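See structure below.
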Amino acid sequence: MNALFLIARLGGRNVAIESAQVESVVDIGAVVPVPGAQAEVRGLAALRSRVVTVIDARVALGLPPLADAGGRAVITAVDGHHYAVLVDALDDVAPFTLEPLSPGIALDHGWRLAGCGIVEREGEPILAIELRSLIPQTAVAA
Amino acid sequence: MDDLLQEFIAETRETLEALSGEIVAWEAAPGDRQRLDAIFRFVHTVKGSCGFLDLPRLSRLSHAAEDVLAAVRSGERAPDTSLVNAVLAIVDRIGELVEAIDAGASLDDSGEDLLIAALDEGSAATVHANAPVVQRAPTRSVRLSVDLLDRMMSGMSDMVLARNELARRLRDDGADPVVEAALERLSLTVAEMRDTVTRTRMQKIEALFSALPRMVRDTAAELGKSVTLAIEGADVELDREMIEMMRDPLVHIVRNAIDHGIEAPAERRRAGKRENGRLTVSARQSGNQIIVEISDDGRGIDVDRVIAKLARTGRAEHELRALSDKARLNLVFEPGLTTKDDVSAISGRGVGMDVVRANIEQIGGRIELLNTPGGGLCLAIHVPLTLSIISTIGVGVAGQRFAIPRQGIEEIVSAHAEAIRVDMIGDTPAATVRERRMPLVDLGRLLGLNAGDEERHPDMLAIVGVAGGSYALAVDAVLDSEELVIKPAAPAVMAVGTYAGQTLPDSGLPMLLLDCAGIAAKAGLRFDRAAAEEEEVHGGVSEGVQALLFHDLDGARRLAPLAAIDRIEPIAAEAIRFSAGRLRLSIDGRIVPLAAQGRWEERAHLSVLRLHDGAQEVGYLIAEALDIVHLPEELVPAAEEGPVAGVVAVEGEQIEVLDLHWLFANHAEDATPAAAPVCLLEGEGSDWMRTFLKPAIEAAGYRAVTRLAAGEKAAVVLAMEETVMAAPTSVPVVRLRTQREGASADSIYRYDRAALLGALAGAAGRRA
């Protein structure tokens, strides 16, 4: 089954995000912090007339946070709320076939929650991730 | 009223369209419960709306159809073809009537009796009402999809932001005044436009409440009840969609409250309530929810009866009884349930509660019940705040802006102003604002925005009122006041607990709306509700004589001056005895004379007013203390002397006031033992005296002793005739003899009680 995937760099690695989860890809402007919120919540940003919650995907994956907020983000809608998931860079959009993780491969903590399979680009296996699982306080779809 | 009618028409028309599929399906499978429920809800809703819009014909039709459908729902009737046809004929007729009303045409009502008759069991008549084709009049309203409105709203916001950007650019470039004037005009139009567009999506909840007074009045009048309606928070602004969705549930709940909740005046009187039922409808915003509360002071829900009713429909009673209190209460939401034995045109059979819950849950809300059997029901509808316009105050903390709902702010003061003190009580900061001490919450510190900066002192204090009390919220600056469109924030943001939503002001930078109650909770502030209420009671009525309003045992409500009441205590019926000729109460190891009006034996809960005049105590039995009120000056004296001094008017009601003087004159024991004169029982025969005479003497108010304590002085000495006094004293002596007829005139026959007490009194210099 071929689907369109977005290949992004996240925490120094390539990841694949199924395009159905992605509303758009934007450059985030000023981010207003939300004091008291979990570390994953970078803050709020305005996207035209809409307020999005900015999620630092690196923190969600258990990696050190990005030095400065802003930059590239993938916009996704979960349960009626819009989130901007910060990524390091965007690489490519191409159709791939999603395959299950090879048996025996154990992902470490953060990745284990997000990973949902593998796509193969010119022999390189890329972890496909579920954006929803990076967002705190959201029930992960069963 | 016209608006409401238009809405009713549009709504009915819409439901009918949606229902047409259901009707066909029901026709094919009359046993289908879901279809049945959908049609039932429709006629029930129509009935509810038209009772209130004064459309008697529609009301009659829908009521008849509802009756039959309810019978089907409860299994009393089988949905056979003739029944289905008859119901469908009525549904069709409702549609025709609605069109006729819309067109302003009149429709001949000759066929309606037949339609209703066709519903009866065994009726073979299949009626086809031939409706004249009614030309639909052009209506002046349209229905739009919410989606379209939302797009318009967000387009509008984009336009505002673009205008701001343009203005900034022009300012930076030093634009031509002509261009600036054009921009000015654009700004004005955009502002007006935004207002209009916002109104298309938002509406004051007043729109929902404005129909209530009339409806309550009419409904109550129809039922022969009298109900006072209080509406609070009508200016909360809500998503129109929400308002639309809440209309039916609200109507149902209010009708139910009047019909089932609030009792008939006679019953209320018997229960000791005021005849006027009270119904309060209020709306408020709390966190990311709007809460609409409907509370009445009626009889509440009789859970046992609900269970009994459900058991009759075939549910296992022991299972129902085994449920938790809350689950049992929630049984009122079971479909097809009625707690009322007779059916009325108002709320029919208690149905609607399942419909109500279905409607509320459809918009992501929930209903909470707070039931006080015999005391009323409070129903709280919680609906998510999808969109609301809130008047806010912008504050600055550590360089970041936040909005605070203006509703919660009592006042804003400068921390450096004269009448303001900020102190540390232990490690807890407290503010004293004009003699009022309250906890202080440093917003910056609470949010962790200025950690490490211990020496910083905020400049402004916003006094925030939350349930139970107030606190001072310290901020760096108060910036502006603005009406903002608030949207709910993402769950991860709401989970912090201090935010109520997010907004995008004209600056283009998102801003968070603070949740004042959440902040208080986060800061660990605890307000004792009871203490606050007590303060209110004492602070609120400071002038004049205060009196306690209470339920007396005979069902009347009476007043007693507060100053005479030492304490109000709940007591057990066992502590009360009719002993030694009068009612007495054992309390605190003593026996206190007791006054009561009415029967106390069967009551489970009793309280006693411990009345004190400074020296003596009398208990007055009551059923329940109610309130502290200001005692009106004007008292109409009672027709005759008795426990009631007279009657006063409290809020238009006649209330009797206790006559304390009479109560003490008739019930108080003569004197407290300590102050009683001492009667010394002297010599031989003192054993007889102690056994036989002492109680009588003590009843007369003396303290009888056989030996004087050190320093004690007898007021009178009682001795037998033949007793020889140890030493002559100045104390008067009363002598007794054993024979009825005695030789000596200065002795008294020992069983002549009246003479004896008279002599004692004369000797001791007391009144007889």
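Just so it is clear, the model here is predicted, and its values are computed rather than measured. Numbers restart at 1 for each chain; the letters A, B, ... are given by sequence-line order, proteins then strands.
- Heavy atoms of A:Val51 lying under 4.5 Å from chain B belong to its backbone as well as its side chain.
- Of the possible polar contacts, none joining the A:Asp91 side chain to the A:Arg9 backbone as a donor-acceptor pair under 3.5 Å is found.
- Looking only at heavy-atom pairs under 4.5 Å with chain A, the residue among B:Met156, B:Gln502, B:Met159 that has the most is B:Gln502.
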Please set out all donor-acceptor pairs under 3.5 angstrom arising from side-chain atoms of residues 19-36 of chain A, sequence neighbours excluded.
{"from": "A:Ser19", "atom 1": "OG", "to": "A:Leu4", "atom 2": "O", "distance (Å)": "3.1"}
{"from": "A:Gln21", "atom 1": "OE1", "to": "A:Leu131", "atom 2": "N", "distance (Å)": "2.8"}
{"from": "A:Glu23", "atom 1": "OE1", "to": "A:His82", "atom 2": "NE2", "distance (Å)": "3.4"}
{"from": "A:Glu23", "atom 1": "OE2", "to": "A:Arg50", "atom 2": "NH1", "distance (Å)": "3.0"}
{"from": "A:Glu23", "atom 1": "OE2", "to": "A:His82", "atom 2": "NE2", "distance (Å)": "3.4"}
{"from": "A:Asp27", "atom 1": "OD1", "to": "A:Arg72", "atom 2": "NE", "distance (Å)": "3.0"}

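- Each of B:Leu509, B:Thr503, B:Leu512 has some count of heavy-atom pairs under 4.5 Å with chain A, and the biggest count is that of B:Leu512.
- Take B:Arg401 and apply the salt bridge (charged side-chain N to carboxylate O under 4.0 Å, His left out) test, not counting sequence neighbours, and it matches B:Asp480.
- Remark: the backbone N or O of B:Cys516 is paired with a side-chain donor or acceptor of B:Tyr471 at under 3.5 angstrom.
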